[in-house]
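Remarks on the structure that follows.
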Amino acid sequence: AAFGRSLLVCCGALVLAVVLILPLLFVTHYYFPKLDGLMNLLILLPFAVPPVVSSVGLLQLYGSGPLAMVGTPWILLGCYFTVALPFMYRAITNNLQAINLPDLMDAAHLLGASTWQAAWLVVLPNLRKGLMVSLFLSFSFLFGEFVFANLLVGTRYETLQVYLNNMKNSSGHFNSALVISYFFFVLIFTWAATRLNKDKS
């Protein structure tokens with residue numbers, strides 16, 4: 001159950017990040033390229049504040065009142081979303097710069113495509129590798145995240161890392177089996193990511 005909860009929160013945060021960050025990056029790089037420097041600064045803010053400090057602030061902000069979300073998966077979803085943003089932004093931005101977005105869009109317009117047709121049918125397929133790299137990198141980081149999960153939800157929405165921490169004083173054989181299973185999952189996930197990210201022949 002803890003494994004499933006971790007998987008659900010991580011995948012939910014990544015889906016939310018993709019839905020919001022892809023259109024934002026496209027608009028920024030195509031219409032407002034001068035804002036890239038400001039975006040680079042803003043996107044690194046989640047790393048500027050330590051997770052413990054962020055957790056204390058979130059506990060005070062969302063611990064009570066109309067937006068009381070502490071102890072629910074929703075606050076964890078929001079935290080994971082902000083943590084994933086820098087990974088996704090940097091990987092997709094590098095990919096957009098590599099494909100030369102303005103020239104690609106101009107070529108699509110010359111062939112009769114509208115802006116959104118070009119974005120959907122031309123730009124998005126060219127972002128496949130950058131998107132996959134950002135998703136796998138973010139997932140591997142979020143799946144092992146402990147501080148936010150422990151301080152904001154704890155056992156009320158027990159994720160895998162919190163469960164492993166709570167079981168540290170139980171049977172050594174049981175803990176060993178858990179850790180080996182966890183590493184086996186990471187190994188399978190890494191192999192699948194490598195296979196999916198290979199160029200099609």
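Counting from 1, the numbers follow the sequence of the chain as shown. Given the structure is predicted, the values throughout are model-derived calculations rather than measurements.
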F3 vs F185, side-chain contact (heavy atoms from CB on, under 4.5 Å): CA-CA, chis, key distance, verdict:
CA-CA 11 Å; F3 177 85; F185 168 75; 3.7 Å; yes

Tell me, which pairs form a ring-ring contact (aromatic ring centres under 6.0 Å, His included) where one or both residues lie in residues 82-105, sequence neighbours left out?
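Output for this query lists F47-F87, F87-F141.
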
How long is the straight-line distance from [atom2] of [Y] back to [atom1] of [X], given to the nearest 0.5 Å?
X    : Y    : atom1 : atom2 : value
N165 : L160 : CG    : CG    : 11.5 Å
L24  : L85  : CG    : CG    : 9.0 Å
L25  : M39  : CG    : CE    : 6.5 Å
F148 : S54  : CZ    : OG    : 4.5 Å
I99  : L127 : CD1   : CG    : 4.5 Å
L131 : L135 : CG    : CG    : 4.5 Å

Show your reasoning for whether side-chain contact (heavy atoms from CB on, under 4.5 Å) applies to V123 and L96.
CA-CA 8 Å; V123 176; L96 281 169; 4.2 Å; yes

Can you name the closest pair of heavy atoms from [X] and [Y] and give their distance?
X    : Y    : value
L151 : L59  : O-CD2, 3.8 Å
L152 : S55  : CD2-O, 3.8 Å
G154 : V162 : O-CG1, 3.9 Å
F81  : A13  : N-CB, 3.8 Å
A118 : A108 : CB-CB, 3.5 Å
L58  : C79  : CD1-SG, 3.3 Å

Walk me through whether L22 and L124 qualify under side-chain contact (heavy atoms from CB on, under 4.5 Å).
CA-CA 9 Å; L22 271 180; L124 190 59; 4.0 Å; yes

Cluster link [X] to [Y], ILVMFWY, side chain under 4.5 Å:
X    : Y    : answer
V15  : W74  : no
V52  : F146 : no
W120 : M105 : yes
V83  : V147 : no
M69  : V56  : no

Side chains of T93 and I43, heavy atoms from C-beta outward: is any pair under 4.5 Å?
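Side chain of T93 against side chain of I43, heavy atoms only: no contact under 4.5 Å found.
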
Measuring only between side-chain heavy atoms, which start at C-beta, is R156 closer than 4.5 Å to T72?
no

Walk me through it: do T159 and N150 pass the test side-chain contact (heavy atoms from CB on, under 4.5 Å)?
CA-CA 8 Å; T159 61; N150 189 48; over 6 Å; no

Going by the angle between their ring planes, with limits at 30° and 60°, are Y182 and F143 parallel, tilted or perpendicular?
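The rings of Y182 and F143 lie parallel, inter-plane angle below 30°.
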
Consider only side-chain N and O atoms of S114 and H109, and report whether a donor and an acceptor are under 3.5 Å apart.
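The answer is no; no qualifying pair exists.
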
Checking side-chain polar atoms at under 3.5 Å, does N40 have a donor or acceptor matched by the opposite partner on R90?
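A pair is found: one side chain offers a donor N or O, the other an acceptor, under 3.5 Å apart.
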
More than 12 non-hydrogen atoms from neighbouring residues, nucleotides or ligands closer than 6.0 Å to OH on Y157, yes or no?
yes

Please enumerate all residues that pass side chain to side chain donor-acceptor pair (under 3.5 Å) together with N166, with sequence neighbours excluded.
E158

